[in-house]
Amino acid sequence: MRRATTALVIGGGIAGPATALALARAGIRATIYEAHPGAADHVGAMLSLAPNGLAALRIIGADGPVRAVGHPVPRVVMADGAGTHRAAFDGFPELPATLAMARMDLFRALADHATAAGVPVEYGKSLVAAEDAPDGITATFADGTTATADVLIGADGIRSTVRTLIDPQAPGPEYGGVLSFGGYSAETAAEAEPGTMYFAFGRTFIGYWRVPDGRICWFASLPRTEPLTTAEVGRVSPADWLARLRARYAGHVPGEALLAAADPTTLMAVGPMERMPSVPRWHRRRMVLVGDAAHAPSSSSGQGASLAVESAVELARCLRDLPHPEAFAAYERLRRPRVEMIGGDAAVKNRAKAGQAGDRPAMPTPEQMFAPVHRHHIDWQETVRPLAERSVEEGSRGPARRVAGGSAAVS
């Protein structure tokens, strides 16, 4: 079977442009199809890109444009809710600093870079069906138009249509038990050194850092048993939400002071914190998932955007080297253990934020928290081999044994 040379990328958010750029580097022509009538460049709150995400962006030539819109936060300080610092981490000297930025700025940087690289984008294309044929796959959109390519890639987010086309029984997003919010406070609201991200644990949790204009950006949450939709959250006034947050964080250091000094006009009501549970099927025939459609880890991980870019690069590398059935299997083998480990850790943090008894995570050391995530590296030059060939080679070297951290070593 021949290797893919064309692709339909469904979804034009973060994963879509990253996937199209990675495919272009692999010699595969991709077109992005976005359901909304225009670019989603005013959607979302703040996010971070960790060193592993920046390394993946470098492979597709997009790290420069992204660095231009982010600001570095190389240091992390962890404290308790009484204001006592428990641990500090200055990053790994061999890795770049984590970047913080608005989600819309990251989107715009990636989308503009993809356009400059010649990636076509078609808006108002809501996918409704996909039909396989021996020589390709044809997508049908709600407006009656169609498009055909060798493969179809679902980069269409946590409520993916492609996921349900691959498996009608696929799970949907899992509610994390809290509503997420962000905002800005006056620069005098709390001590915050520039370039430092603070995580204050305790009865509840708040994260914050100083942005370049001097204000303090924070992110916080409200436990709620039953989720609200993003639209329902939007029907409550920012002043009302801020009042509820202030009551929740009364007595928390520095949460109480940060929220007291918060400007309601800057409140970002993100909505329900969600993650994807384990998705049984990532691919079927000529369709495959990437990014949040397969493995949204929730914002508690700090890894959503970084993992999406990593998966885009790995998928392109697999399609470069293997026909699509083997490429999809190799891609899932490379990605599933990592993203499920990170997503599972985020689920524990979500439950702790929701105040569920018995789920409060122990405070890890910075090395334990960041090393296996930030140091991940994709070797673009390495050839991806089919699973059968890899299994034969590994079998000839003897049985694998389990080692600390869950990785496999060869006896």
Are any of the side-chain heavy atoms of Leu322 and Phe328 separated by less than 4.5 Å?
-> no

Would you say the side chain of Leu99 lies within less than 4.5 Å of the side chain of Val73, judging by non-hydrogen atoms?
-> no

Starting from the C-alpha separation in whole Å, work towards a yes-or-no answer on salt bridge (charged side-chain N to carboxylate O under 4.0 Å, His left out) for Arg159 and Glu274.
-> CA-CA 11 Å; Arg159 287 173 175 78; Glu274 297 176 312; 2.7 Å; yes

Mark yes or no for whether [X], through its side chain, and [Y], through its backbone, hold a donor-acceptor pair below 3.5 Å.
X	Y	result
Ser160	Val162	yes
Thr19	Ala15	yes
Thr115	Ala111	yes
Tyr184	Leu267	no
Glu187	Arg215	no
Arg25	Ala316	no
Asp167	Arg281	no
Arg275	Ala296	no
His113	Gly61	yes
Arg375	Asn52	no

According to the interplanar angle, ranging from 0 to 90°, do the rings of [X] and [Y] count as parallel (below 30°), tilted (30 to 60°) or perpendicular (above 60°)?
X	Y	value
Phe205	Phe201	tilted
His374	Phe370	tilted
Phe219	Trp209	tilted

What's the separation between atom [atom1] in [X] and atom [atom2] in [Y], rounded to the nearest 0.5 Å?
X	Y	atom1	atom2	value
Thr161	Ile10	OG1	CD1	9.0 Å
His295	Arg338	NE2	CZ	10.0 Å
Ile378	Trp380	CD1	CH2	9.0 Å
Arg163	Arg284	CZ	CZ	14.5 Å

Ignoring hydrogens and angles, state whether a donor on the side chain of [X] or [Y] is under 3.5 Å from an acceptor on the partner side chain.
X	Y	value
His283	Glu332	yes
Ser311	Arg335	yes
Thr204	His252	no
Glu131	Thr138	no
Asp150	Thr5	yes

Carefully, step by step, assess Arg285 and His324 under the rule side chain to side chain contact (heavy atoms under 4.5 Å, CB included).
-> CA-CA 8 Å; Arg285 297 176 185 167; His324 73 268; 5.7 Å; no

Of the non-hydrogen atoms in [X] and [Y], which two are nearest, and what is the gap between them?
X	Y	result
Ala293	Gly154	CB-O, 3.6 Å
Thr98	Ser48	CG2-CB, 3.8 Å
Ser221	Tyr249	N-OH, 3.2 Å
Gly11	Ile32	O-CG2, 3.5 Å
Gly172	Pro277	O-CD, 3.4 Å

Tested for side-chain contact (heavy atoms from CB on, under 4.5 Å) against Phe181, the lone hit among Leu242, Leu222, Val270 is Leu222

Matching residue for Met273 among Ser299, Pro173, Pro227 - test: side-chain contact (heavy atoms from CB on, under 4.5 Å) | Ser299

Full working for ring-ring contact (aromatic ring centres under 6.0 Å, His included) between Tyr331 and Trp282 = CA-CA 9 Å; Tyr331 158 68; Trp282 283 22; 5.6 Å; yes

Taking atom CD of Glu94 as the centre, report whether more than 12 heavy atoms of other residues, nucleotides or ligands fall under 6.0 Å from it.
-> yes

So is Arg246 actually on top of Trp241's ring, under 6.0 Å and inside 45° of the axis?
-> no

